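Read through the structure below, which is laid out as structure tokens, and then see the notes.
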Number of protein chains: 2
Amino acid sequence: MKTREDGVAATPAFLPLYQQIKTLVLRGLQEGEWRPGQAIPSEVDLAARYRVSQGTVRKAIDELASEHLLVRRQGKGTFVATHDEPRMQYRFLRLMPVEGEVEYPESRLLACRRVRASSEVARVLELKVGDGVVFLRRILLFKDDPTVLDDIYLPGTVFRGLTGEIFNEYKGSLYNLFETEFGMRMIRADEKIRAVPAAGDMARLLQVDQGTPLLCVDRVAYTYGDRPVEFRRGIYRTDRHCYRNTLS
Amino acid sequence: MKTREDGVAATPAFLPLYQQIKTLVLRGLQEGEWRPGQAIPSEVDLAARYRVSQGTVRKAIDELASEHLLVRRQGKGTFVATHDEPRMQYRFLRLMPVEGEVEYPESRLLACRRVRASSEVARVLELKVGDGVVFLRRILLFKDDPTVLDDIYLPGTVFRGLTGEIFNEYKGSLYNLFETEFGMRMIRADEKIRAVPAAGDMARLLQVDQGTPLLCVDRVAYTYGDRPVEFRRGIYRTDRHCYRNTLS
DNA sequence: ACGCATTTGTTCGTATGTATT
DNA sequence: TAATACATACGAACAAATGCG
């Protein structure tokens, strides 16, 4: 196979061409050549740049679009996905009213401080125990009902300078903030869900009795290249809301 | 647009061709022209049948494959998806050990009888209150630990003849049984998850104290055409296992 | 063991349609 | 209206995996 511009033996030659193109585009996203919300070059431009046909670029972009890393808009171009748009705003929020319309929560910050990574936090964020970590605690309210208590841990080096003020002044979702203020785009998250009894602060903040069953949702969110950049433990009241999921 | 074999004004003409082809293939699946596990005609055959190019058929099949309705196998053909294969066997089972390897559960049937649809069951299965329904209760054990208690409701007309004997003799998953014995293929399921306290039978069967927090997973499973054909209420112990989910 | 036919997978090229600016 | 960009559709060729004789 003939050598290509960026293809300086960086990608194995035995991969399908469109996969190699996909990797190259992914690298552009990762390195910030194109930023969230911005348009990437047109298909013909990319085809020229990488010396392949438009159809090959198209197939690469198709896959990235199906993974929600890019968004195609007919007549306008292909854009780097962002948590900014209303549709993407609450893409990772699975809590819905048991009955009725979807609602969006109000967020109230309870704590924002620097801490040292515990062994658990260090493990999931791939840090060393004792590394600097930003700790956030917030509560989400649906129609003034306290419903979610989130404890959030972020790598200190990535989120250097994050303060309660920044959080409070920001309009929009947390992942939106990460993206615009810290250039850190969340593309995937794994969750582990268990049922736990309300205890201590939890019960008081969510206004339920001690021992009330609650959902405990441990989330690890990843940016490009499967790099973990958020550990979040969410405690959910599920009397008026429930966690929704579609299997397919 | 010129008229086509099956295209007797059944599908609106303003849809893209490949979408129309997709609808036609879907109809074939729905009507059982090709059964689970079987191969559908090759791309060139389908292209000839529908009088379109191979590329157009390919795009239709691509979408059906991405929805897990078809499975492509290079060199062999394209097959109707089935719950039979090991990989698909436990596709809808989201319960995993908190630590360690994936395990597959043993199933023990506790009840199998005909009942009348309650208002809740009638609503989700789109039946009338009082219609005949098959009720199954079973328990799932991981390494001999009782972990899941499932109450399952099925439309009586579709699952006429389902008995405890059939269930007990069958090797493989429940959806596998539905598919092979009743021609009913599950393609999608919606789940609503809440935390509930163990009560009554639940606590005894799962061997936990009364009031222990458990997951309550309400599932509605659908076959082709978004037709609901199963309502299942699962109660999960989450001390040794957790419900896993990936957001993307 | 080998070659051949079949089937999907990849890649290219071209033309036309549709949405946006 | 014109230019641009993605969307659809067709056709052709070769690669890779499979199965059969």
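Nothing here was measured: the structure is a model prediction, and the numbers come from that model.
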Using a cut-off of 4.0 Å on non-hydrogen atoms, how would the nucleic acid contact of B/G77 be classed: base, sugar-phosphate, or nothing? sugar-phosphate
*asked:* Between A/T78 and D/dC6, is there a contact of a side-chain N or O with OP1 or OP2 at under 4.0 Å?
replied: yes
In whole angstroms, the gap separating C1' of D/dT8 from OH of B/Y18 amounts to 8 Å
Any side-chain N or O of B/R72 under 4.0 Å from OP1/OP2 of C/dG9? yes
Testing C/dT10, C/dT8, D/dA9 for proximity to the side chain of B/L17, the answer is D/dA9
Sorted by chain and number, sequence neighbours left out, side-chain contact (heavy atoms from CB on, under 4.5 Å) with A/E99 holds for none
Here the distance between atom C1' of C/dT11 and atom CG of A/L15, to the nearest Å, is 15 Å
- Is atom CZ of B/R91 surrounded by more than 12 heavy atoms (other residues, nucleotides or ligands) closer than 6.0 Å? yes
In short, side chain to side chain donor-acceptor pair (under 3.5 Å) pairs touching residues 73-84 of chain A with sequence neighbours left out are A/T82-A/E179, A/D84-A/N176
Checklist entry - Is there a donor-acceptor pair under 3.5 Å between the side chain of A/R188 and the backbone N or O of A/Y222? => result no
Residue pairs passing the side chain to side chain donor-acceptor pair (under 3.5 Å) test with at least one member in residues 53-66 of chain B, sequence neighbours excluded, are B/K22-B/E63, B/E43-B/Q54, B/E43-B/R58, B/S53-B/T56, B/D62-B/R72
- prompt: OP1 or OP2 of D/dC10 less than 4.0 angstrom from a side-chain nitrogen or oxygen of B/T56, does that happen here?
  reply: yes
Atom CZ of A/R58 and atom P of D/dA5 are separated, to the nearest Å, by 13 Å
- Query: More than 12 heavy atoms of other residues, nucleotides or ligands under 6.0 Å from CZ of A/R160: is that the case?
  - Reply: no
Next on the checklist: Strictly below 4.0 Å: does B/K59 bring a side-chain N or O up to OP1 or OP2 of D/dT8?
Outcome noted: yes
Taken to the nearest whole Å, CD/A/Q20 to P/C/dC12 is 11 Å
Here the distance between atom C1' of D/dC6 and atom CD1 of A/I40, to the nearest Å, is 11 Å
**Request:** Please assess B/H241 against B/F142 for the test ring-ring contact (aromatic ring centres under 6.0 Å, His included), listing each intermediate value before the final yes or no.
**Result:** CA-CA 9 Å; B/H241 296 76; B/F142 289 87; 4.5 Å; yes
Rounded to whole Å, CG of B/D62 lies from P of C/dG9 at a distance of 8 Å
* Asked: Looking at side-chain heavy atoms only, is the closest gap between B/L29 and B/L70 below 4.5 Å?
  -> yes
From OH of A/Y50 across to C1' of C/dT11 the rounded distance in Å is 18 Å
Within residues 31-39 of chain A, the residues having a heavy atom closer than 4.0 Å to DNA chain D are none
Next item on the list: Fit a plane to each ring of A/F182 and A/F159, take the angle between them on a 0 to 90° scale, and name the class: parallel (under 30°), tilted (30 to 60°) or perpendicular (over 60°).
Entry: tilted
Side chain to side chain, A/V102 and A/Y90, heavy atoms closer than 4.5 Å: no
Rounded to whole Å, CZ of A/R51 lies from P of C/dG13 at a distance of 13 Å
Between protein and nucleotides 3-5 of chain C, what N or O pairs are separated by less than 3.5 Å?
none

For A/R35, look at atom CZ and say whether over 12 heavy atoms of other residues, nucleotides or ligands are found less than 6.0 Å away. no
Expected string for nucleotides 13-21 of chain D under the B/S/- scheme (protein heavy atoms, under 4.0 Å, primed atoms plus P, OP1, OP2 as sugar-phosphate) is ---BBSS--
>> Run A/R138 and A/D150 through salt bridge (Lys or Arg N to Asp or Glu O under 4.0 Å) and show every step you take.
In response: CA-CA 5 Å; A/R138 70 162 180 189; A/D150 276 328; 3.2 Å; yes
Of C/dT8, C/dT11, D/dA5, the nucleotide closest to the side chain of B/S42 is C/dT8
